[in-house]
Amino acid sequence: MTKTFQNFIGGQWVAPSDGAYFENRNPADTTDLIGRFPLSTAADVEKAVASASRGFATWRRTPAPARGDILRRVGDMMTKRKDEIADLMTREMGKPLTETRGDVQEGIDTAYYAATMGRQLHGRTVPSEMANKWAMSFRRPIGVCGIITPFNFPMAIPTWKMFPALLCGNACIFKPSEDVPHTGHVLVEIMLEAGLPPEVIQLVHGTGEAAGAAIVNHPLIPLISFTGSTETGRIVGEVCGRMHKRLSLEMGGKNAMLVFNDGDLDLALDGVLWGAFGTTGQRCTATSRLVLQEGIHDEFLTRLVDRSRSLKLGDGRKQGTDVGPLINGSSLSKVERYVDIGQSEGADLLTGGKRPTGKGMDKGFFFEPTIFARVRAGMRLEQEEIFGPVLSVIRFRTTDEAFAVNNDVKYGLSSSVYTRDVNVAMRAMNELDNGITYINAPTIGAEAHLPFGGVKQTGNGHREGGWEVYEFYSETKVGYLDFSGSLQRAQIDNYLGTPD
Ligand code: UN1
């Protein structure tokens with residue numbers, strides 16, 4: 001019997017108002033049906049907003065350290081269930097267990113960080129211009145937050161958004177990607193079991209076009225946090241701009257790894273394989289461009305092609321699997337389309353470029369790790385986000401040339417530089433147009449307690465993770481306290497004047 005899952009709205013597990021459901025299947029074996037999940041509509045979102053507004057009214061009055069204690073318990077419970085969650089996550093989205101364990105760990109780290117922030121949600125006290133007057137700032141929550149998340153980090157990304165939102169005193173309406181509803185379900189179950197008041201969290205399953213759009217367009221949701229494609233982010237941004245909503249966008253990437261002649265090539269080789277083909281290339285931080293200096297270009301490429309051919313494709317739940325499937329059929333078609341584009345642009349397909357033929361491979365959305373050489377800056381293959389296991393290799397001569405290749409794309413999430421020259425490394429930190437630059441490490445692997453995000457069309461100026469995200473989920477309020485007993489006029493009464 002296929003299990004049917006429900007939304008969590010108004011403090012209870014409930015069926016969607018239309019009674020319609022979608023199927024969630026294992027991308028490594030599409031005959032494996034995980035469950036049926038609600039196809040929610042605007043009517044479900046309406047109920048969720050009404051309930052979350054009630055939840056917000058009481059939660060905002062709960063002291064921040066007490067809110068943090070609940071998130072600490074969430075972290076404890078995730079720790080206990082880490083292997084079980086990793087297994088169900090791999091089943092629904094495909095990446096190998098080592099990676100899904102890391103994904104859960106990122107959520108645990110975020111929970112414990114949030115717990116400590118409960119006692120640190122500080123503002124500032126600064127001197128006033130006047131005697132007997134205090135001036136200070138402090139944080140207030142914002143309200144009901146709309147949280148819309150992608151499939152590639154089914155636990156980490158929702159926690160990055162919701163834990164800081166909740167710690168600051170907001171309520172959340174959570175719509176996980178329709179490719180990973182099971183992990184979203186388990187996360188909400190854990191939050192409730194840890195003691196989060198039921199109306200503070202609402203889980204609304206469904207598609208972006210229906211449930212997601214209803215959240216973005218709802219007038220009583222003043223804040224939206226969205227991770228997904230730059231195209232969808234643009235639509236979300238237009239609506240939020242029109243409705244004056246606070247919005248955090250985390251979108252595409254076209255991240256480059258620059259390997260210089262003096263770099264540690266063994267290290268860079270491990271780094272690029274992990275960066276390009278980890279999560280089957282479906283990370284916004286994935287290494288999708290490898291920029292090699294001419295002195296090491298040929299040797300490095302030969303070694304890379306060799307190593308990438310030995311990566312083992314398969315079911316992420318099986319021991320020894322290096323690369324799992326893509327998430328779904330449309331993602332697979334997109335990757336195939338880009339292989340055609342690369343070839344028609346004149347790039348050299350060195351390895352991969354097709355679906356594997358091994359046993360059972362036709363049951364899932366598998367695609368071989370793919371490497372294109374002789375890619376020139378400006379080709380579509382080099383400029384556009386593919387979100388799959390496709391790596392473009394570009395040759396360079398000078399440092400300036402390498403930096404220009406890195407910067408000449410519309411995205412700006414992460415970059416990576418392999419060199420032993422401290423001057424080049426420091427210049428890269430200063431000159432590469434990305435939110436994150438790694439030296440002697442690949443473009444992936446951001447840690448939960450540092451700000452995460454990118455420049456240009458990767459984002460809209462906000463950061464997730466670390467301390468900065470707490471600014472996004474709270475509003476600064478300023479208080480002046482005048483205890484002089486007389487009218488003190490700012491800028492006038494204490495003005496000392498400029499000497500003539
Ligand atoms: C993403 O690719 O959407 O830095 C997030 C990393 C992970 C997060 C990636 N910690 O690769």
Side-chain angles (χ1 to χ4, degrees), residues 78 82 86 89 93-96 98-113 147-164 176-177 179-180 183-184 208 225-233 236 248-257 270-289 323-324 326-327 331 385-391 411-416 434-455 457-460 462-466 468-469:
M78 286 169 70
K82 183 170 169 178
M89 191 193 297
M93 64 74 70
K95 64 186 177 186
T98 346
E99 293 189 41
T100 47
R101 281 194 202 103
D103 193 321
V104 181
Q105 187 58 47
E106 207 160 326
I108 296 167
D109 297 341
T110 303
Y112 290 146
Y113 187 87
I147 306 290
I148 303 174
T149 56
F151 75 85
N152 61 341
F153 279 80
M155 186 58 89
I157 293 180
T159 66
W160 286 359
K161 296 180 189 299
M162 288 199 282
F163 294 173
S177 155
D179 286 309
V180 291
T183 309
S225 180
F226 169 84
T227 297
S229 72
T230 297
E231 292 69 41
T232 310
V236 173
S248 174
L249 291 173
E250 202 54 66
M251 303 173 289
K254 192 73 188 177
N255 315 296
M257 175 187 288
D270 287 342
V272 68
L273 287 162
W274 175 230
F277 303 127
T279 323
T280 324
Q282 302 169 109
R283 294 191 186 217
C284 45
T285 53
T287 307
S288 54
R289 299 183 298 152
V323 181
L326 288 159
I327 189 66
S331 166
E385 185 179 46
I386 302 172
F387 228 61
V390 181
L391 180 68
Y411 302 110
L413 185 49
S414 60
S415 52
S416 144
N434 304 94
I436 309 169
T437 291
Y438 292 92
I439 306 296
N440 296 327
T443 57
I444 68 178
E447 300 180 27
H449 60 297
L450 278 98
F452 176 89
V455 302
Q457 290 186 29
T458 290
N460 66 337
H462 291 292
R463 292 291 179 268
E464 309 209 76
E468 278 196 26
V469 71

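Basis for what follows: all heavy atoms, side chains included, without hydrogens, waters or symmetry-related copies. Order of listing sets the numbers, starting from 1, for every ligand and every atom in it. Counting begins at 1 with the first residue of the sequence.
Residue A446 has at least one heavy-atom neighbour below 4.0 Å for each of these atoms of ligand 1: 4 (O), 6 (C), 10 (N). Within ligand 1, the atoms closer than 4.0 Å to a non-hydrogen atom of I157 are 3 (O), numbered from 1 in the order shown. Close contacts of ligand 1 with R283, meaning ligand atoms under 4.0 Å from a residue heavy atom, involve 2 (O), 6 (C), 7 (C), 11 (O).
Counting heavy atoms closer than 4.0 Å to ligand 1, residue T227 contributes nothing at all. Of the heavy atoms in E447, none comes closer than 4.0 Å to ligand 1. Under 4.0 angstrom from ligand 1, there are no non-hydrogen atoms of T279. Residue contacts with ligand 1 for W160 involve side-chain atoms from C-beta outward but no N, CA, C or O (heavy atoms, distance under 4.0 Å).
In this view, F452 and W160 satisfy the ring pair (Phe, Tyr, Trp, His ring centres under 6.0 Å) rule, not counting sequence neighbours.
Between the side chain of T227 and the backbone N or O of T149, no donor-acceptor pair lies under 3.5 Å. Although no hydrogens or angles enter the test, the distance criterion places a donor-acceptor pair under 3.5 Å between the side chain of T100 and the main chain of A86.
Listed by first and then second residue, the salt bridge (Lys or Arg N to Asp or Glu O under 4.0 Å) pairs involving residues 147-160 amount to none (not counting sequence neighbours).
For the side-chain hydrogen bond (donor to acceptor under 3.5 Å, both in side chains) criterion with K95, the lone passing option out of D103, N152, T279 is D103.
The option from C284, G253, P150, G275 that lies nearest to atom 2 (O) of ligand 1, judged by heavy atoms, is C284.
By the 4.5 Å heavy-atom criterion applied to side chains, M251 and Y411 are not counted as neighbours.
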